[in-house]
There are 2 protein chains.
Amino acid sequence: MFSRQGYQSTSLKEIAAAADMKAGSLYYHFASKEALMAEVLDRSIQFISDTVAEEIEELEENYTFESGLRAFIKGHLSAILKHPDYTTTTIRNNGQIPKAVQVIAHTKREHYEKQWRQLMVLGRQESFIRPDLDEQLFRLMVLGSLNWSSVWYNPKGQSIDSLVKHFTQVFLNGCR
Amino acid sequence: MFSRQGYQSTSLKEIAAAADMKAGSLYYHFASKEALMAEVLDRSIQFISDTVAEEIEELEENYTFESGLRAFIKGHLSAILKHPDYTTTTIRNNGQIPKAVQVIAHTKREHYEKQWRQLMVLGRQESFIRPDLDEQLFRLMVLGSLNWSSVWYNPKGQSIDSLVKHFTQVFLNGCR
DNA sequence: CAATAATTCTAATACCAATTAGAATCTAAC
DNA sequence: GTTAGATTCTAATTGGTATTAGAATTATTG
C-alpha cells in the first residue's frame with residue numbers, strides 16, 4: 001500500500017483493514033507508523049540485495065565484468081518487477097518519508113550500492129569500461145534505467161528475461 | 001514543495017505561508033488543492049517539453065538521429081536539473097496524486113512522449129538502432145536514466161554539459 | 001472623492017489522522 | 001477447567017486537514 005499510494009496517503013485504518021484488524025490493534029505489533037514503514041523499507045532493500053546475491057552465486061568464483069553486470073541486472077530487475085509491492089516502496093518514497101525512517105534504511109541501501117560500486121571497479125580493471133567514462137556515473141545510469149522500469153512495466157508485455165537481455169546489451173555496448 | 005514533500009505531505013497552510021498568505025486566501029486563486037496541483041504538473045511538463053523544443057530548433061531541418069538524440073538528452077536533462085522544483089514534481093508524484101489530476105496531466109505528457117517516439121522511428125529508419133533492439137524499450141531506458149538523475153544529482157559535482165556528454169555517448173554506443 | 005472590483009483575512013465547519021489506555025477476547029499450558 | 005499470556009477491540013484524545021462564508025482590506029477605475 002505504501003508503494004502504491006505513498007507513505008502519507010496510506011492510513012493505519014486502511015492497513016489494519018487489509019490485515020482484518022482495527023487501527024489500534026496495530027500498536028501491539030509496531031511502535032508507530034514510522035516503525036512499520038521502517039520495517040517495510042528494510043525488507044524491501046534486503047529482498048533486492050538477496051535476489052542479486054543469488055544471481056552472483058551462480059557464477060564462477062572469478063567472474064568477468066561482462067557476466068557480473070548481466071547477473072546484477074537480472075537480479076535487480078527480477079526483484080523489482082516480480083515484487084513491485086516491496087521494491088517500489090524503496091523507489092517511490094524518496095523525499096516524503098520522515099527522516100528518522102530514511103536514516104534506518106540508509107545503512108542497508110549503502111551496503112547494497114557498495115556491491116555495485118565494486119562491480120564497476122572490476123569493469124575498470126578489465127578496461128571493459130571506456131577510459132573516458134566515469135564508472136560511477138555509468139552505474140547511476142544503469143540503476144536509473146532499471147529502477148524506472150517499475151514505472152512503465154506491464155506484466156502482459158515482454159518477459160523479464162527478454163528485458164534483461166536488452167538492458168544488458170545496451171549497457172555493455174554503451175560503456176565500451 | 002510538492003516536489004520535495006509530495007502532494008499529501010504539503011499542506012495548504014504551508015503553501016500559503018510561502019506566498020505570504022493565509023490558507024483560506026488560496027481559494028480566491030484556485031478552486032481546490034487538486035486544481036493547484038494540476039496547474040503545477042501542467043507547467044512542469046510544459047517546461048520540459050519547451051526546453052527540448054529549443055534544443056531541437058537549433059538543429060538543421062533534416063537532423064540525424066545522432067544529433068537529435070543529443071539534443072533531446074540535453075534539453076530533458078537541463079530542464080530537470082536546472083529546475084528540479086518544477087520537474088521533480090512530475091517524476092516523484094507518480095502514484096500518489098488524485099486520479100482526476102493525473103488525467104489532466106496525462107494529455108500533455110502523451111504529447112511530449114510522442115516526440116520521443118518519433119525520434120526513435122528516425123533511429124530505426126537510419127538503421128542506427130541495432131535491428132534486434134526494441135526501439136521503444138530503448139526509449140524507456142534513456143528516459144529512465146535521465147529522470148533518475150534528479151534523485152542523485154548534486155549541483156556541486158559534474159557540470160550538466162559533462163553529464164550530457166556521458167549520457168549521449170553511452171546511449172549512442174548502446175543502441176548500435 | 002466615490003464606488004466598484006480584486007484580494008486577503010477571520011473564524012467556523014466537518015472530517016480524518018495517529019496514538020493511547022483499558023476492557024474484552026482468544027489461545028495455550030498445566 | 002482454570003489461569004496466564006497474547007492479541008484484538010473500543011472509545012476517547014489530540015491535533016491536523018481542506019474547505020467555506022462573510023467581513024475586512026486593498027487596488028483600480030470613473
Side-chain angles (χ1 to χ4, degrees), chain A residues 1-45 84-108, chain B residues 1-45 85-109:
Chain A
M1 302 176 80
F2 284 144
S3 105
R4 279 191 299 271
Q5 315 170 8
Y7 178 74
Q8 289 281 352
S9 311
T10 306
S11 73
L12 291 181
K13 198 177 170 188
E14 284 177 285
I15 295 173
D20 269 321
M21 285 181 145
K22 303 291 175 177
S25 311
L26 293 174
Y27 283 80
Y28 178 77
H29 304 275
F30 298 94
S32 65
K33 188 182 180 184
E34 292 195 4
L36 206 170
M37 179 54 153
E39 185 152 336
V40 171
L41 268 184
D42 198 69
R43 293 195 187 196
S44 162
I45 301 166
D85 45 346
Y86 264 156
T87 53
T88 318
T89 306
T90 313
I91 296 169
R92 292 272 169 90
N93 298 265
N94 231 303
Q96 52 182 316
I97 293 176
K99 288 194 181 148
V101 180
Q102 279 184 301
V103 171
I104 297 171
H106 188 256
T107 315
K108 225 157 214 172
Chain B
M1 301 176 81
F2 283 143
S3 106
R4 278 191 301 270
Q5 314 171 9
Y7 178 73
Q8 289 281 352
S9 311
T10 307
S11 71
L12 292 181
K13 199 178 171 188
E14 284 177 286
I15 295 173
D20 269 321
M21 286 180 141
K22 303 292 175 176
S25 311
L26 292 173
Y27 283 81
Y28 178 78
H29 303 275
F30 298 95
S32 65
K33 187 182 179 184
E34 291 195 5
L36 206 170
M37 180 54 154
E39 186 153 335
V40 171
L41 268 185
D42 198 71
R43 292 195 187 195
S44 162
I45 301 165
D85 46 346
Y86 262 155
T87 53
T88 318
T89 306
T90 314
I91 296 169
R92 293 272 170 91
N93 299 265
N94 230 303
Q96 52 182 315
I97 293 178
K99 291 198 178 142
V101 180
Q102 280 184 300
V103 171
I104 297 171
H106 188 256
T107 315
K108 225 159 215 173
R109 187 191 298 262

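As a basis for the values below, the full set of heavy atoms in this structure was taken, side chains included, without hydrogen atoms, waters or symmetry mates. This one's a predicted model, so the numbers in the text were calculated from it and none came from an experiment. Numbers restart at 1 for each chain; the letters A, B, ... are given by sequence-line order, proteins then strands.
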Those residues that, when tested against T88(B), pass side chain to side chain contact (heavy atoms under 4.5 Å, CB included) (two or more places apart) =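 S3(B), P84(B), R92(B), S150(B).
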With respect to the side chain of K22(B), which nucleotide from dT7(C), dT10(C), dT7(D) is positioned closest?
->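 Looking only at heavy atoms from C-beta outward on K22(B), the closest nucleotide is dT10(C).
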For [X], what residues pass the salt bridge (charged side-chain N to carboxylate O under 4.0 Å, His left out) criterion, not counting sequence neighbours?
| X | value |
| --- | --- |
| K108(B) | D42(B) |
| E14(B) | none |
| E39(B) | R43(B) |

Pairing residues for T89(A) by the side-chain hydrogen bond (donor to acceptor under 3.5 Å, both in side chains) criterion, not counting sequence neighbours =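 Not a single residue meets the side-chain hydrogen bond (donor to acceptor under 3.5 Å, both in side chains) criterion with T89(A).
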Check residues 16-26 of chain A and write down every donor-acceptor pair under 3.5 Å in which the side-chain atom is one partner and the other belongs to a residue at least two apart or another chain.
from	atom 1	to	atom 2	distance (Å)
S25(A)	OG	K22(A)	O	3.4

Based on Watson-Crick and G-U pairs with both distances under 3.5 Å, what dot-bracket line describes DNA chain D 5' to 3', crossing pairs as [ ] and inter-strand pairs as |?
-> ||||.||||||||.|||.||||||||||||
Measure all distances between protein nitrogen or oxygen atoms and nitrogen or oxygen atoms of nucleotides 17-20 of chain C, and list the pairs falling under 3.5 Å.
from	atom 1	to	atom 2	distance (Å)
dA18(C)	OP1	K33(A)	NZ	2.9
dA18(C)	OP2	L12(A)	N	2.9
dT19(C)	OP2	Y27(A)	OH	2.3
dT19(C)	OP2	K33(A)	N	3.0
dT19(C)	O5'	Y27(A)	OH	2.8

Atom-pair distance (CG on L26(B); P on dT8(C)), nearest Å =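 In whole Å, dT8(C) P lies 9 Å from L26(B) CG.
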Mind calculating the distance between CE (M21(B)) and P (dT10(C)) to the nearest angstrom?
->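 For the pair M21(B) CE and dT10(C) P, the rounded distance is 12 Å.
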Under 4.0 Å between a side-chain N/O of H29(A) and OP1 or OP2 of dT8(D), yes or no?
->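 The answer is yes; a side-chain N or O of H29(A) sits under 4.0 Å from OP1 or OP2.
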Reckon Y28(A) has a side-chain N or O less than 4.0 Å from the OP1 or OP2 of dT8(D)?
->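 For dT8(D), neither OP1 nor OP2 has a side-chain N or O of Y28(A) closer than 4.0 Å.
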Any pair with a residue in residues 15-44 of chain B that passes ring-ring contact (aromatic ring centres under 6.0 Å, His included), sequence neighbours left out, goes on the list, sorted by first then second residue, please.
->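 Not a single pair qualifies under ring-ring contact (aromatic ring centres under 6.0 Å, His included).
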Using nucleotides 22-27 of chain C, report all nitrogen or oxygen pairs with the protein that are shorter than 3.5 Å.
none

